[in-house]
Amino acid sequence: SDFRTALSEYQKILPIYEEVDGKTKFPTFYAAYAKSLMETGDTLNAKTNFLIAVNEMKSTDPVVYTNLGSIAFMKDKEYAQAEQFYQKALDLGHPDKFGAYSNLGMSQVILKKEAAAAANFEKALEYGSNKPVLGNLYLLYQSLGNPEKANMYRQMLNESK
């Protein structure tokens with residue numbers, strides 16, 4: 001959890017990574033290095049290294065795809081790409097199903113895929129709940145012309161703490 005120290009150590013390894021057959025011995029290096037970059041605020045280099053983890057190292061770590069989705073969503077404003085990364089994280093079995101379905105739903109809201117977003121927010125509710133998800137479901141079902149479901153989520157929103 002000390003990402004600044006970790007970053008410093010990863011940067012020492014980077015110049016010799018290829019010399020020590022790093023790709024074979026340490027296949028998660030780029031993902032871990034990217035996580036440290038992201039946590040210390042260097043999202044541009046984090047994205048580059050997460051993409052190396054995906055494209056060159058063939059990472060199947062769902063968290064790598066979630067991080068790429070977050071960068072695409074928040075920094076690059078590439079919502080369709082964020083949707084693809086978030087979906088891939090789910091396909092790979094992301095352990096935080098609530099967060100993963102919520103992320104996917106948010107990208108779909110912005111892409112005006114209301115029905116898909118509602119379905120994913122409802123799927124998120126199978127794993128947890130919070131006011132933003134309930135509020136989004138209320139608004140989505142209002143927009144979709146389903147007052148019964150909208151009212152159900154409004155009531156759940158009012159009852160949530």
Side-chain angles (χ1 to χ4, degrees), residues 1-3 6-7 27-161:
S1 64
D2 183 357
F3 293 104
L7 180 61
T28 61
F29 172 81
Y30 285 105
Y33 179 43
K35 176 70 173 165
S36 292
L37 287 162
M38 191 158 163
E39 292 293 334
T40 56
D42 189 351
T43 54
L44 182 62
N45 281 319
K47 177 182 175 181
T48 298
N49 284 279
F50 279 131
L51 288 171
I52 291 170
V54 166
N55 296 325
E56 292 180 28
M57 305 305 293
K58 307 300 182 211
S59 177
T60 58
D61 182 348
V63 176
V64 169
Y65 287 90
T66 297
N67 285 318
L68 282 167
S70 297
I71 292 168
F73 188 93
M74 292 187 281
K75 290 295 243 178
D76 298 341
K77 310 294 187 221
E78 294 286 340
Y79 305 112
Q81 188 176 52
E83 178 187 31
Q84 291 172 351
F85 285 132
Y86 290 144
Q87 183 62 60
K88 182 72 172 181
L90 277 163
D91 294 344
L92 291 170
H94 198 291
D96 176 10
K97 300 283 190 236
F98 177 78
Y101 281 108
S102 297
N103 287 338
L104 181 57
M106 282 307 302
S107 64
Q108 291 168 329
V109 165
I110 292 181
L111 292 168
K112 297 183 175 31
K113 296 180 177 181
E114 290 91 356
N120 282 303
F121 284 133
E122 286 182 325
K123 192 76 174 159
L125 289 180
E126 294 176 21
Y127 301 96
S129 183
N130 67 21
K131 284 187 174 194
V133 168
L134 294 172
N136 281 323
L137 282 165
Y138 166 69
L139 293 171
L140 284 165
Y141 281 113
Q142 285 281 87
S143 174
L144 291 167
N146 188 334
E148 295 83 20
K149 276 202 163 184
N151 287 333
M152 178 183 79
Y153 287 113
R154 183 185 60 187
Q155 185 172 352
M156 290 173 71
L157 184 60
N158 290 337
E159 292 170 358
S160 71
K161 295 179 181 184

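Residues take their numbers from the sequence shown, with the count starting at 1. Computed over heavy atoms, backbone and side chain alike; hydrogens, waters and symmetry mates excluded.
Between Leu134 and Leu125 there is a side-chain heavy-atom pair separated by less than 4.5 Å. Put simply, the side chain of Tyr79 does not reach to within 4.5 Å of the side chain of Gln108, judged on heavy atoms. Inter-residue side-chain proximity for Glu83 and Leu104 is flagged as met; some heavy-atom pair is nearer than 4.5 Å. Tyr33 is listed as a side-chain neighbour of Leu37, based on a closest heavy-atom distance under 4.5 Å. Side-chain contact between Lys47 and Lys75 is absent, with no heavy-atom pair separated by less than 4.5 Å. Taking 4.5 Å as the limit, some side-chain heavy atom of Met106 sits within range of a side-chain heavy atom of Asn136. Within the 4.5 Å cutoff, no side-chain heavy atoms of Tyr101 are placed close to those of Val133. A 4.5 Å side-chain heavy-atom check between Met38 and Ile71 finds at least one atom pair inside the cut-off.
Residue Phe50 comes nearest to Lys35 through the heavy atom pair CZ-N, 3.7 Å, listed as atom of the first residue, atom of the second, then distance. Closest of all the heavy-atom pairs between Pro95 and Pro62 is CD-CG, 4.2 Å. Nearest approach of Thr60 to Leu92, heavy atoms of both residues: O-CD1, 3.6 Å. Taking both residues in full, the closest heavy atoms of Glu114 and Leu144 are given as CB-CD2, 3.7 Å, listed atom of the first, atom of the second, then distance. Here the closest heavy-atom approach between residue Asn45 and residue Asn49 is recorded as O-ND2, 2.9 Å. The two residues Ser160 and Leu157 make their nearest non-hydrogen contact at OG-O, 2.8 Å.
Within a 6.0 Å sphere centred on NZ of Lys88, heavy atoms belonging to other residues, nucleotides or ligands number 12 at most. Applying the 6.0 Å contact sphere to NZ of Lys112 captures no more than 12 heavy atoms from other residues, nucleotides or ligands.
Note that CD of Glu39 and OG of Ser1 are 10.0 Å apart. Values are rounded to the nearest 0.5 Å. Asn55 contributes atom CG, which lies 12.5 Å from atom OH of Tyr30 (distance to the nearest 0.5 angstrom). Rounded to the nearest 0.5 Å, atoms CZ (Phe3) and OG1 (Thr40) are 9.0 Å apart. A distance of 10.0 Å separates CD of Gln87 from CD of Gln84, quoted to the nearest 0.5 Å. Note: Met152 CE to Arg154 CZ = 12.5 Å, rounded to the nearest 0.5 Å. Note that NZ of Lys97 is 6.5 Å distant from CG of Leu90, once rounded to the nearest 0.5 Å.
Inspection of the Gln142 and Tyr153 side chains reveals no N or O donor paired with an N or O acceptor under 3.5 Å. Donor-acceptor pairing under 3.5 Å is lacking for the side chains of Asn151 and Gln155.
Classification of the Phe85-Tyr65 ring pair by plane angle, with boundaries at 30° and 60°, yields tilted.
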Pair Asn103-Thr66, side-chain contact (heavy atoms from CB on, under 4.5 Å): steps then yes or no = CA-CA 8 Å; Asn103 287 338; Thr66 297; 3.9 Å; yes
